[in-house]
Each structure stands twice: as structure tokens, then as C-alpha cells.
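In what follows, every heavy atom counts, from backbone to side chain, and hydrogens, waters and symmetry copies are set aside.
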Amino acid sequence: MEYFLEVSLVGLAVGGVYALIALGYVLVYKTTRVVNFAHGNIMMFGAYFFYTFAALLGLHWALAVVLTLVASAALGAGIERVVLRPLLGRPAISVVMVTVGLAAVLHGAAQMIWTPGDFFLPSIFPDAPIIIGEMFIPSNTGYGFLVALAAILIFLVLFRFTRSGVAMRATAADQVAASSMGVNVPAMFRLAWIYAALSAAIAGIVVGSITTLNPTMGLIGLSVLAVVILGGLDSIPGAILAGLIIGWLEALTGFYLGGAYKDVIPFVVLIVILMIRPYGLFGTPEIERL
Amino acid sequence: MSIGNFKERYQSDEAIWRTPASRVWFGVLLLALAAFPFIGNSYHLFIACLIGINVISATGINILTGYTGLISLGHAAFMGVGAYSVAYLSNHLGLPFYVCLPLGGLLAAAVGLVVGIPSLRIKGLYLALATIAAQFILGFVFNEWESVTGGGRGVSLAPAEIAGLKLSTEFELYYLIVAIMIPMLLFARNLFRTRIGRAFIAVRDRDISAEVMGINLLHYKLMSFALSSFYAGVAGGLMAYFFKVVTPEQFSFGLSIFFLAAVVVGGMGTILGGIVGAIFMTLVPEVLDAIIHAFGPGAIALLSPAREIVFGLLIVGFLIFEPRGLAEIWRRIKRAYELWPFRN
Amino acid sequence: MGKILEIENLSLAFGGVHALDEVSLAVEEGSITAVIGPNGAGKTSLFNSVSGFYKPQAGRIVFEGSDITRLKPPRRAALGLARTFQNIALFQGMTVLDNIKLGRHVHMKTGLLAAGFYLGPAQREEMALRAEIERDIIDFLEIDHIRNLPVAVLPYGLRKRVELARALAMRPKLLLLDEPVAGMNREETEDMARFVLDIQQERGATILLVEHDMDVVMDICDHVAVLNFGRVIAAGPPDAVRENPAVIEAYLGVEAAHTGEAASPRHGGPG
């Protein structure tokens, strides 16, 4: 019991990062109705971009972060233009499968470009752990949580209050109506992919700082599917709450049962949620239209 | 050119091989399959066996994804269930392969049914998530349930045996695999000449009006899951006899993607598509292998990533440019040939 | 003749919107009955309730004397209820023939194993179906030239006809047609009207249809019910309904009704 609180706290911190990853799924799903199975690997690319700029090119970390964001945005926009745009109007099953293919390409490409080995990202955060009372939270996890939280807030503000954010929400609500009101729907799709790639890049840097960097990092994206479904595919508050819940559950199972259990628990949650409440905590139950 | 193909009975109009020429070609194909082991070397046979197993499995995922429209990202895990079941039944209960293989298939089908249960509540796309969860949960079970699966090291099993004859070389296994593959392909083909197959397609194309036709969606989605997993389970069981060892890595998420790629590339929703896709996708790594070896030993590390990139690009490319796959290209070529010298 | 379908006090609401408000309607066996009304009057909601897609909050739907209000759509199909859709819901990946065959699904027996092995009974069942469809449906609806084409390549008018063929294959006792002639030219409309009359007269099926084309409604229907804002505002033989002031008002607005300028609502509401 003495470790329970500490483990929980670390789990919640990791959960904040999951929420940020989940946000990327939700942004793309809300706007384009696609579950993007390549999201985890886009995050992994973000981490490698940062590694390239900060470690390989030796740039100052702040500059490296900016360049990483630029590169990731370009990646997101490029994917949307080259892979998704030609499939507009095709059955959803094709679009979803194309993201599966994309995930394979990105995973292979990362191994080819950066080798399959493990790397450490240059540290951004202070070395000293965060101490709350008698509990230690590892520095990278704690500061990572704060960064994720800040990033989520920024995206929420963007989504809620900017002109393009409103247009994106309109697209999410009703594509045809939005289009007839003068919203450029394909441009909104591109913007959703860019936002998703940006959030993924930040998540990638944080995750890469907490663990090591290697091409399998993208698999985290698959565990985060549990977060997305638990929260409700189209709900941002849902993603945040579910991120915390899954992070916490993972930490507890990892601590009490071991690593293998920790890795599988999100998928158990995923399948249970699909069976009992498929639209998640806050998602909209899909209305059948004839 | 042939100007037409006239029938006097509906039976001949609905036959699998509708022209005398196609029946002759099928006979030639069977003969070629029977003669192949006497012509090919052991490497050829090895690849041929692998293709046969993959054709069975790809046909399974084609039933679920191609015909019923439910994406599966956990097909490899169902193969794993078949493989481990066969290994267990053979090692611990001493059952012969002709009992183990169908049982392995049935156990996989049972697991498939469980994974399909969410279709009670959710629509097509979400089911893909259930299959991903199945992939990782079953992978966990393969790794952790050591008393049955041998954990990370896996289990080995004795060769299949019939009437005192051990089927252990590629030569013998080839005939076993082909003898199982052909009836399973015919079974699938027949299915889509009847109400059951039509119901699967109806679920895929328009699930709302399928209900008005009296089709119970849940019933057919579950049936499709079970059938697809049965094919996977039998293919996995054959893999166990073929490699004589079963390990968790054999049934990774990557293999699930491989089979999804196979039906996309071959052509979803046609039996020919599953066959062509499995052949093509089995040969791609071999060709890549040859190319990369030509670059010298330093390039070997690139093999596995190159494979993944090519698989991924094939999925993306076919979905964008030829969504009906190689089978459609083949159909067009055949049609052009039939109509020659006129343009289609 | 008895009533084949009785709808009693049916109410259906989406959120605060009352799509159907205490709707009662009876369909005489062997008749052609039309439901008309301006857009948004609740016609399609009524159809969707009868075929089982919407769950009404109150009221009953009785088909051949048994309450089907809570039955799922596939069960209703088995009882002999067939329908077509306003926006045509054919199976795009299949040929015309396979689409029609699907209509018989619920009355066939072949199970998974028999199907896969294509055993004697399975084969006989399929062949009997083929022969029946060719004889009773494909020839009747004059679609023999397109039987092996995928429906995706067909023009709109033919698709409507294929959808009717599929519904006929269900051997319906009650056939619901949702705007059977919408979007058709005169010739296609006449063909379709002729088919509908033949189905009623030669096959003894009862037909309930929603339609905006008043010429067709007045020509072929025995009975007309008018919906407006989710309520039945008039019902009776076509001629009586045409003269009903409430109907004229619903179609043309209050002023027209009062000034008496309105003629009969011949071409119905917009769209």
C-alpha cells in the first residue's frame, strides 16, 4: 500500500501523455471520420525528428523542437495530400486500411533511416525528480505530464476559438452543411492531419524522453486506441479522462503483476468497452441513418 | 475470339467452371500441382508449401474482410490459436494430424466467435479495434501460458503421420497442404454460390437493407468471424507441422498486416483474389531477399524494414490505384484475350 | 376482405420533434394504399416504423392480426413484409441476379456446411430459386437483358426496378414502396405504375406506398391517407381526399384554401 499512491501518481502522469496522443486520434476522427492506425508511427517520427535535430545535428533543444514541429506538420500535410486525398468518397474500410499500410511504411522507413537500435533523446527537463511529500516522480515523467497538459490546452483553445478551429468543428458536425457555408472541407481535413501530427510530435518528444527511442515506439499508439475508445472516439474531454484512467491502470498492473500484464491491460479494457459501451464514456452513439 | 457462351440449363450457368475450356485449364492446373514436387528443388517446394498455407489463411481473411466487410487486424493470432492447439493435441493427447487440424480450426473458430461478439453492439469499423485487441491479448497468452505454449521458447511437435508414413519432408508436406487447400478453396467458392455467401456480401454492401431482406446481421457477422478463424486455425496448424515448432513471434501483428495486404493486393471479395494475393505476397520477400543479397552482406540488415515498406506501399498503392486488386487486372487481361481482335 | 396492417395510435419522437403523433391507419388486404403529405410530414418515419428501423414510443403495429411493434426487421421480413427505399438500397457489389436472389434469403434453408459442400439439397434449392426468379420476376419486370450486370452500372430507373424485383422475390404479403416513381420520366413512371397494378392484381399482394406524384396516386390507389406534421389529417378514397379542404390547406397553405383558388393538389408538395 505504501507504494500505491506513488505508483498511481506516476501512472496518472503517463496518462496525461496518453491523453495527448489520444487527442491526435480524436482530431482526425472528428473531422474526417477515419481511425488513423498510423498515428503511433507519426508520433515515433516526431521523436526521431527531434533526435535528428537535437542529437545528430547538435542544435539547441528549443530550436530543435521548433524544427521538429515544422517537419511533423509537413509530414501530416503530406500524408493527407498523397495518401488520403485520393480516397475521398471511398468506403471507410478502404481509408482505414490505407492508414494500416501507411503505418507499415513508416515503421519500415524509421528502421531504414535511423536503424532499429535504441537511442536516448538529449534531456530537456531538469535532472532532479519531482518530490511531492514523500513521493518521487521521475523528472521526465513529471515534466512530460506538464508539457502534455499544456499542449492539450493549447489545442483546445485552437480548436475552440480560432476561425479555422470553428470551421473544423463545423466540418466535424456536418460536412455537407459546412461545405455549403463556404468551409473548404479538404483544407479542414489537411488542417486536422497537421494538428494531429503536431500533437503527435510533442507526445513523441515526451515519450522518447521518458523511455528510449526506437522504431517500436509506434506500438504505444495502438495501446492508446483503448484510451480513445474508452473516452469516446469523438470526445476530447473523454480522451483526457480516459488517458488518465488507462495510465493509472497500466501503472498499477505493471507494478503489481509485471510488465507483460501492463502491456496487455489496455487491450483488455478496449475489448470490454467495445462490448459494454462501444461509444465510450462521452462519445455520441451513432445514429443510424437511412 | 469466342462470341458467346450459351447455356440450356441454369445449372450450367451457375457452375464454377462455366466453359469447357475453363474445365480443361483446371484439369491442367491440378496435374501441374501434382507434378510440381518432381520438378522443383527443395527451395521451390519450401516456398510452394508456404504459399499453400498462406492461400488457406488469406482465403479466411478474405471471407471476413473482403466478403463481409469487417477489417481484421488479428488474423495471425487466430492462426496462432490453431497452431498451439495442434501442438498441444498432438503432444499431450497423441492425436493424429487429421484430427488435430480440424480441431485446431474449430478452436480458432470458437475464439473468433468470442472476438466477434462486440458486433452485437458496434458497426464495422470499430470491429477492427476488437481484432487488434484480440491480436495483442492472444499474443500475451501465447507468451505467458507456459504450461501449454512453452512461453517465449515455444513448443516443438512430432511430424504428422498417416498409416505409419511420416510426413516430415517438404515433398510429403506439399501434398498434405495441397490436399487440404483445394477442398477448402472449393468450400469457400461454393459458399458464394448460395444464400449464405450472398448474405455475407449483403452485410458488407448495405447492412441496413440486408436486415429488411431478413438477414440477421449479428448471426452472419459471427458466422463470418468463425469461418474466417477456422481457415486461419487450419493454416496455423499446417504451419505447426511444417516448421515443427510453434513460437509466439510467428504470429505477430506484422503477420496480420501481411494477410490484410494479401487480400488488398490480390483483390477483396473474390476467391481468386485471396489466392493471387497470397502467392504474390509470399514471393515478394523472396524477390526482395534476392535483390538485397545482390547488394552484398552489408545490406542484409535492410531486409526486414524493406519488406515492411514494400508491404505497406502495396496496400496503399493498390487501395488508391487498383482497389479491386490483381484479380481485377487478371480479369481484364482475360477479357481482352477473349474479345481479341476487338477492343473491349 | 380483412385488414392486413393496422397501425394504432403510433407516436414517434426524435428529441423534441414529433415525427409521428398518434397515427392510426389501416390497410385493407389486397388494396393499394397511398400515404401522401408534404415533405417532413412523417411518411418515411411511418415506413421505417413499420419495417422496424425506428422504435415508436407509443402505439401498436399489427400485421395479419399479430403485434409486430417490437419485432426486429429480419423477423418482419420472414412474416412477409417487404419494402423498397426512397434512395435505393441495392447491394452495389453484386449482380442484378444476386440482388434478386437475396430477396428469397429468409425463405431458404441451406446451412453453412451444406452451402460450402454444395450438396444435393443446397444445389436443388439454388436451382429452384433461379428458375422461379427467371419465370416470375425477371421476365415480368422485363429486366432479362441486365440480369448479369453489376447494379452499380445501371441507370436510375432500372435500379428502381431491380429493387422492386428484389422485394418481389421476398414473396411479400405486404409490399411497402417508398416513392417508387420519384425521379423517373413519364415512360418509366407509366411502366412502374403498370407493374404495381399487376403485382396487386395478379399476385394478390397488398401495397402500401409513399408517393409525391399525384397522378400516379390518383390513378392506381384504392385508398389514400394524408399526413401532415405527423398526424393523419384525412383518409379515404382518392377523389374524396382530393376535395378535402384540410388537405388542400396542408399542401397550398391557409390563404389558398380560404380564397378558394386552389385546385386539387395535383403535383403535390415540392420535391
Side-chain angles (χ1 to χ4, degrees), chain B residues 5 7 9-16 18 59 63 66-69 109 183-220 222-224 226-227 230-231 267-271 323-324, chain C residues 48 51-53 72-85 87-94 97-99 101-119 122-131 133-134 147-148 151-152 163 166-167 169-170 176:
Chain B
N5 174 21
K7 299 292 182 320
R9 298 167 61 213
Y10 296 132
Q11 210 155 340
S12 33
D13 193 39
E14 301 209 353
I16 296 183
R18 292 174 30 175
T59 302
I63 290 171
Y67 281 102
T68 320
M184 288 184 83
L185 285 174
L186 287 176
F187 186 96
R189 180 68 189 81
N190 279 334
L191 208 58
F192 293 97
R193 301 159 76 191
T194 66
R195 68 188 282 266
I196 308 278
R198 285 194 296 270
F200 286 161
I201 302 175
V203 171
R204 174 193 74 192
D205 281 1
R206 201 102 198 205
D207 54 8
I208 289 167
S209 57
E211 279 199 285
V212 180
M213 300 293 110
I215 293 165
N216 181 327
L217 299 182
L218 177 66
H219 185 91
Y220 283 97
L222 287 180
M223 194 191 279
S224 184
L227 195 60
F230 179 84
Y231 275 69
M268 288 187 287
T270 62
I271 297 294
R324 298 169 74 182
Chain C
N48 285 339
S51 49
F53 289 127
K72 295 211 161 226
R75 299 282 306 283
R76 300 184 197 213
L79 292 177
L81 206 66
R83 75 169 285 182
T84 64
F85 290 83
N87 304 321
I88 308 184
L90 288 168
F91 304 111
Q92 298 291 332
M94 287 191 225
L97 197 54
D98 277 342
N99 264 283
K101 282 178 176 173
L102 255 162
R104 289 292 289 150
H105 179 87
V106 75
H107 299 293
M108 296 172 79
K109 287 195 233 11
T110 302
L112 176 63
L113 290 181
F117 293 116
Y118 209 59
L119 300 169
Q123 192 173 357
R124 278 196 297 279
E125 191 181 52
E126 288 295 329
M127 289 310 127
L129 167 66
R130 175 78 191 267
I133 285 177
E134 292 282 351
R147 63 160 82 80
N148 284 320
V151 292
E163 209 192 12
R166 190 180 62 179
M170 296 173 74
L176 308 180

With a 4.5 angstrom heavy-atom cut-off, which part of [X] approaches chain B: side chain, backbone, both or neither?
{"X": "C:Ile88", "result": "backbone"}
{"X": "C:Thr110", "result": "both"}
{"X": "C:Ala131", "result": "both"}
{"X": "C:Leu90", "result": "backbone"}
{"X": "C:Lys72", "result": "neither"}
{"X": "C:Met108", "result": "both"}

Drop me the distance from [X]'s [atom1] to [Y]'s [atom2], to the nearest 0.5 angstrom.
{"X": "C:Arg75", "Y": "B:Glu211", "atom1": "CZ", "atom2": "CD", "value": "13.0 Å"}
{"X": "C:Arg166", "Y": "B:Ser209", "atom1": "CZ", "atom2": "OG", "value": "4.5 Å"}
{"X": "B:Ile201", "Y": "C:Leu102", "atom1": "CD1", "atom2": "CG", "value": "8.0 Å"}
{"X": "C:Asp98", "Y": "B:Arg195", "atom1": "CG", "atom2": "CZ", "value": "14.5 Å"}
{"X": "C:Asn99", "Y": "B:Asp205", "atom1": "CG", "atom2": "CG", "value": "8.0 Å"}

Minimal non-hydrogen separation, B:Val212 against C:Met170, with atom names: O-CE, 3.0 Å
Considering all heavy atoms, the nearest C:His105-B:Gly214 contact: CD2-O, 4.1 Å
Let me know if [X] has heavy atoms under 4.5 Å from chain C in its side chain, its backbone, both or neither.
{"X": "B:Leu186", "answer": "backbone"}
{"X": "B:Met223", "answer": "side chain"}
{"X": "B:Tyr220", "answer": "side chain"}

Heavy-atom donor-acceptor pair, B:Thr194 side chain to C:Ala115 backbone, under 3.5 Å: no
For chain C, the option from B:Arg193, B:Arg189, B:Arg198 that forms the most heavy-atom pairs under 4.5 Å: B:Arg198
Atom CZ of B:Arg324 with >12 non-hydrogen neighbours under 6.0 angstrom: no
